[in-house]
Participant: 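Below: one structure in structure tokens.
Reminder, nothing fancy here: chain letters follow the sequence lines and each chain counts from 1.
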Amino acid sequence: MNSNSSVLAGLNEQQAVAVTHQGGPVLVIAGAGSGKTRVLTQRIAHLISSGISSPSQILAITFTNKAAQEMRERVISLVGGVGEAMWISTFHSACLKMLRSNAERMGYKASFSIYDDRDSRRLIERAIISNGLDIKRFTPRATQGIISAAKSSLGGIDEVIESGGIYGNKFGAIFREYNERLLAANAMDFDDLIVNACNLLKNFEDVRDYYQERFRHILIDEYQDTNAAQNAFVLLLGNKYQNVFAVGDSDQSIYRFRGADPSNIGDFEKAFPNSDIVVLEQNYRSSQTILDAANSVIAKNQTRKPKRLWSDKGNGSLISLTIAMNEYEEARWVAREILRFKTHGISYSDMAVMYRTNGQSRVLEEAFAGSSIPYRVIGGTRFFDRQEIRDTLAYMRMVANPDDEVSFERVINTPRRGIGEKAMAQIALYSRVHRISLFKTLKYVDQLGVSKKAQNGLGEFRMLISHLEDQASAGESPKILLEAVLEKSGYRAMLESDHSVESEGRLENIGELASIAAEHEDLESFLEHCALTSAVDESGEMTSVSLMTLHSAKGLEFKNVFLVGLEEGLFPHSRTMEEALDLEEERRLCYVGITRAKDNLAISYALTRTQWGSQREGMPSRFIHEIPAELLDKVDLTGFANFDQSAFVSTERRTFRDTQSFNYSTSTEISAPQSMSTEDSLKNESTGAQNLGLAVNDTVDHARWGVGRITKIEGKGDDMRAEIRFKDGVTKRFLLAMTPLSKL
DNA sequence: CGGGCGGCCATTTTT
DNA sequence: TGGCCGCCCG
Ligand SMILES: Nc1ncnc2c1ncn2[C@@H]1O[C@H](COP(=O)(O)OP(=O)(O)OP(=O)(O)O)[C@@H](O)[C@H]1O
């Protein structure tokens, strides 16, 4: 069967051109919602069903694992059959797969560990310290930024030295040591996965030949967010047959901060001089109103080529703009709207709330819980970031790769085995001198020069790991191994013995990890899953509202979208407001957010917001002003929004006098004290409570919350804070200078 | 050596 | 808000 109806169904002319392109390099450039992902997916289906390509000749790159999985399912539903042979994955997964098969060539063992951000930062910290540098001056975070930027642009030590400025040589030394430690630990960081895969292809002709022959068709989604190393990977693989199909939208490039380089799009034509360009202009997702708003925001970017994008879905409803007193009121308003939409037949799973920073989810979660709205937070504090999960996985990694330095340090003394700083220093010394890994030094435990107690602990640890290694090489499943780790290491016993609610939660999480382990045949695939599965990948079939950052929202779509916290300093974020290029990236992020909505878009901001314990007054985001006023339907919950830009005088803004009544009816107990402290701070008055000589266990009376007992005092003078546990069991924290308290 | 506590810090976005 | 460091006591 050749050109097939199901594969071409639901495509416009331009889309069909792209899908059925006869081969050679193709670049699809198109705005949001124009069907880029659909085209890419259906092209895979077309290649297979028309017999042009077999599934095993397909390499498709997506931005997240979840997108990969969905694409695979979609292709299978179009052409049937088993899709196992296709490689549809993220860059990182694809590179990892190649590296596992060829690790020895690169000087690694096949069982190498993958270091995520935090593992890598920890190792960088070790490298900084062992260079005799101060981690206050050379912060691991900043150093990691420099190193990662160099790696992801395929640079080496020279680039690190250069971006290190006057301390270039120091950063260079750190960089060198970090890489040495990685190699010694048989570990790669995220950037290494890409860089090493490139080097593998570059340096080994036979490997390159193999993969070039194998992947006759290479397709890349979200091309605008590839970095130099990823791009090099694509070019290396695609060089021979040049069947490279890339889709992207430079207006949706939002990862420049981590090395993504949208100029890869422009360079595509240079790399493949005979490439064909396909432009898609019809948006099938959003109403014209939403599209107009998005187009007019993004038009403010200077460094951009204008682009046409239209929709025939009709104007739809206006975009609502809501002004709230504070973030609590904003969240309650979102909750009310969600319930309202629900009664109009829109299901929870068709709605999403998007924000700039993860920290904003908390208040929303509280409001949703209070309104019994089912919700899911996508991303945020990830499951795999929890301490107990990291600890358990560190044990598992030790089993797979005993040379793993970061994992060793993590668990050598968890639970306590009497190994302190002193013993660790001795181990590190021995490992340096004898050029063996930390774990291997344990063979010579009596030569390390550590206390008897530490020797015992170390011996115990060594037996534990080697016993587990035996089990692993005997082919025990990850589930069994995990069980053995928990039991034999004493980790479970440690948690069980303390009987706290916290430990119970940790045990539950570990239980969850065990069920993930049960889904995997071997240790390697389990660890791989844990290393590369990001929070965004968690499945979300349930009928719940989604909460996520704007970054996580890329590529998704919802009927109703709430964009919250549109305040100067938050969005655009204060860290981006100085550099024009950073600000443009924020604007693209706004464009991405707006264009996630199909039917209804609601944006909102709060006049005050509590950040780092203190209140901040917010100005409406410039992005709001960049949306034509006639597309907005303004609702002022506060009565005194200072949103008096000329564009908005037409709406029914209440006068300041009205606010004296202060009866924004929806406010409940949560916002009242908020507004009270706002008033206080505005008047710059102190309640004097910091001078009452309060101490822990004093009983106090709070003007709004009633009687309670002080459980904690910190800070002094005007900065004194108290934690008070009220009679109803609620615990709250206050800045005393602003709190109406009396001592009882 | 280990645990607990106070105080200081910084605090964007993530494969 | 929490993560981390330094300090103190058992
Ligand atoms: N020809 C078409 N007819 C009807 N619907 C279409 C057509 N093409 C795409 N769509 C729909 O439009 C929506 C957006 O498509 P898709 O996600 O592929 O766009 P995209 O360009 O990848 O978007 P973005 O870049 O914003 O993530 C999807 O719901 C898709 O099913």
Participant: For Lys136(A) and dG3(C), what is the distance between atoms NZ and P respectively, to the nearest whole Å?
Facilitator: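 Going from NZ in Lys136(A) over to P in dG3(C) covers 17 Å.
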Participant: Can you tell me if Asn358(A) touches the phosphate of dT13(B), counting only side-chain N or O atoms and a distance under 4.0 Å to OP1 or OP2?
Facilitator: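 Result: yes.
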Participant: Nearest whole Å is fine: how far is dT15(B) C1' from Glu528(A) CD?
Facilitator: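 Rounded to whole Å, this separation is 14 Å.
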Participant: Is there a donor in the side chain of Ser148(A) and an acceptor in the side chain of Asp191(A), or the other way round, less than 3.5 Å apart?
Facilitator: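 Distance-only check passes for Ser148(A) and Asp191(A).
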Participant: Assess the side chains of Gln360(A) and Thr357(A): does a donor N or O sit below 3.5 Å from an acceptor N or O?
Facilitator: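 Note: Gln360(A) and Thr357(A) side chains meet the donor-acceptor criterion.
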Participant: What I want to check is whether the side chains of Thr576(A) and Glu585(A) have a donor and an acceptor closer together than 3.5 Å.
Facilitator: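 Short answer, no.
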Participant: May I have the distance from Asp225(A) (atom CG) to dT14(B) (atom P), rounded to whole angstrom?
Facilitator: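 Rounded to whole Å, this separation is 13 Å.
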Participant: Roughly how many Å is it from CD in Gln224(A) to P in dT13(B), rounded to a whole number?
Facilitator: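 Checked: the CD to P distance equals 20 Å.
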Participant: Measuring only between side-chain heavy atoms, which start at C-beta, is Leu547(A) closer than 4.5 Å to Glu365(A)?
Facilitator: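 The answer is yes, as the side chains (C-beta and beyond) meet within the 4.5 Å cut-off.
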Participant: When you compare the ring of His573(A) with the six-membered ring of dT12(B)'s base, are the centres less than 5.5 Å apart and the planes under 30° from each other?
Facilitator: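 Per 5.5 Å and 30° rule: yes, stacked.
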Participant: Of the options dT1(C), dT15(B), dT12(B), whose atoms approach the side-chain atoms of Arg362(A) most closely?
Facilitator: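 In terms of side-chain proximity for Arg362(A), the closest of dT1(C), dT15(B), dT12(B) is dT1(C).
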Participant: Phe138(A): which residues meet the ring pair (Phe, Tyr, Trp, His ring centres under 6.0 Å) condition with it, sequence neighbours left out?
Facilitator: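 Counting only residues at least two positions away or on another chain, Phe138(A) forms a ring pair (Phe, Tyr, Trp, His ring centres under 6.0 Å) with Tyr167(A), Phe171(A).
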Participant: Are Arg258(A) and Tyr255(A) in a cation-pi setup, meaning NZ or CZ lies under 6.0 angstrom from the ring centre and within 45 degrees of the ring axis?
Facilitator: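 Because its charged atom sits under 6.0 Å from the ring centre and within 45° of the axis, Arg258(A) does stack over Tyr255(A).
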Participant: Specify the residues of residues 137-147 of chain A, ordered by number, for which at least one heavy atom lies under 4.0 angstrom from an atom of DNA chain B.
Facilitator: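 Hits under 4.0 Å, by residue number: none.
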Participant: Which nucleotide, dC5(C), dT14(B), dT12(B), lies nearest any side-chain atom of Ile135(A)?
Facilitator: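 Between dC5(C), dT14(B), dT12(B), the one nearest the side chain of Ile135(A) would be dC5(C).
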Participant: Any side-chain donor-acceptor pair under 3.5 Å between Thr303(A) and Glu584(A)?
Facilitator: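 Side-chain D/A pair, Thr303(A) to Glu584(A): present.
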Participant: From CD of Gln387(A) over to P of dG3(C), roughly how many Å is that when rounded to an integer?
Facilitator: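 About 9 Å, once rounded to whole Å.
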Participant: In chain order, what residues pass the ring pair (Phe, Tyr, Trp, His ring centres under 6.0 Å) check against Tyr355(A), with sequence neighbours excluded?
Facilitator: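 Testing Tyr355(A) for ring pair (Phe, Tyr, Trp, His ring centres under 6.0 Å), a comparison that skips the adjacent residues, returns none.
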Participant: At a cut-off of 3.5 Å, list every protein nitrogen or oxygen paired with a nitrogen or oxygen from nucleotides 1-5 of chain B, distance to 0.1 Å.
Facilitator:
residue: dG2(B); atom: OP1; partner: Gly418(A); partner atom: N; Å: 2.9
residue: dG2(B); atom: OP2; partner: Asn413(A); partner atom: ND2; Å: 3.4
residue: dG3(B); atom: OP1; partner: Arg416(A); partner atom: NE; Å: 3.2
residue: dG3(B); atom: OP2; partner: Arg416(A); partner atom: NE; Å: 2.3
residue: dG3(B); atom: OP2; partner: Arg416(A); partner atom: NH2; Å: 2.8

Participant: Measure from the side-chain heavy atoms of Arg258(A) and tell me the nearest of dT1(C), dT12(B), dT15(B).
Facilitator: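 My answer, after comparing the listed nucleotides, is dT15(B).
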Participant: DNA chain C: stems of at least 3 consecutive Watson-Crick or G-U pairs, cut-off 3.5 Å?
Facilitator: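 Stems found: B:1-10 with C:1-10.
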Participant: The test is side-chain hydrogen bond (donor to acceptor under 3.5 Å, both in side chains); show your working for Asp404(A) and Ser113(A) and say whether it passes.
Facilitator: CA-CA 7 Å; Asp404(A) 187 326; Ser113(A) 298; 2.7 Å; yes
Participant: Around atom CZ of Arg492(A), are there more than 12 heavy atoms from other residues, nucleotides or ligands closer than 6.0 Å?
Facilitator: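 Yes, the 6.0 Å shell around CZ holds more than 12 heavy atoms from other groups.
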Participant: Can you tell which of dG2(C), dT14(B), dT15(B) lies closest to the side chain of His92(A)?
Facilitator: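 Of the options given, the side chain of His92(A) lies nearest dT15(B).
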Participant: If you compare every side-chain N and O of Thr549(A) against the phosphate oxygens of dT14(B) (OP1, OP2), does one of them come in below 4.0 Å?
Facilitator: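 Yes.
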Participant: With a non-hydrogen cut-off below 4.0 angstrom, is Phe91(A) in contact with a base, only sugar-phosphate, or nothing?
Facilitator: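 Touches nothing.
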Participant: Mind checking ring pair (Phe, Tyr, Trp, His ring centres under 6.0 Å) for Tyr178(A) and listing every partner two or more places apart, or none if nothing turns up?
Facilitator: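 Counting only residues at least two positions away or on another chain, Tyr178(A) forms no ring pair (Phe, Tyr, Trp, His ring centres under 6.0 Å).
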Participant: Rounded off to whole Å, could you give me the OH-to-C1' distance for the Tyr355(A) and dT11(B) pair?
Facilitator: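 It works out to 16 Å between those atoms.
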Participant: Does the side chain of Asn264(A) come under 3.5 Å of the side chain of Asn231(A) through a donor N or O and an acceptor N or O?
Facilitator: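 Yes.
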Participant: Could you state the CE-P distance from Met577(A) to dT12(B), rounded to the nearest angstrom?
Facilitator: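 Rounding to the nearest Å, CE of Met577(A) and P of dT12(B) are 15 Å apart.
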Participant: How about Ser621(A) and Glu567(A): does a side-chain donor come under 3.5 Å of a side-chain acceptor?
Facilitator: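 Side-chain D/A pair, Ser621(A) to Glu567(A): absent.
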Participant: Give the nucleotide from the list dT15(B), dT12(B), dC5(C) with an atom nearest to the side chain of Glu125(A).
Facilitator: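 Nearest to the side-chain atoms of Glu125(A), counting from C-beta on, is dC5(C).
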Participant: Using whole Å, report how far CG of Asn227(A) lies from C1' of dT13(B).
Facilitator: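 Answer to the nearest Å: 16 Å.
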Participant: For Ser93(A) and dT15(B), is the shortest distance between a side-chain N/O and OP1 or OP2 below 4.0 Å?
Facilitator: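 Negative; the distance criterion is not met.
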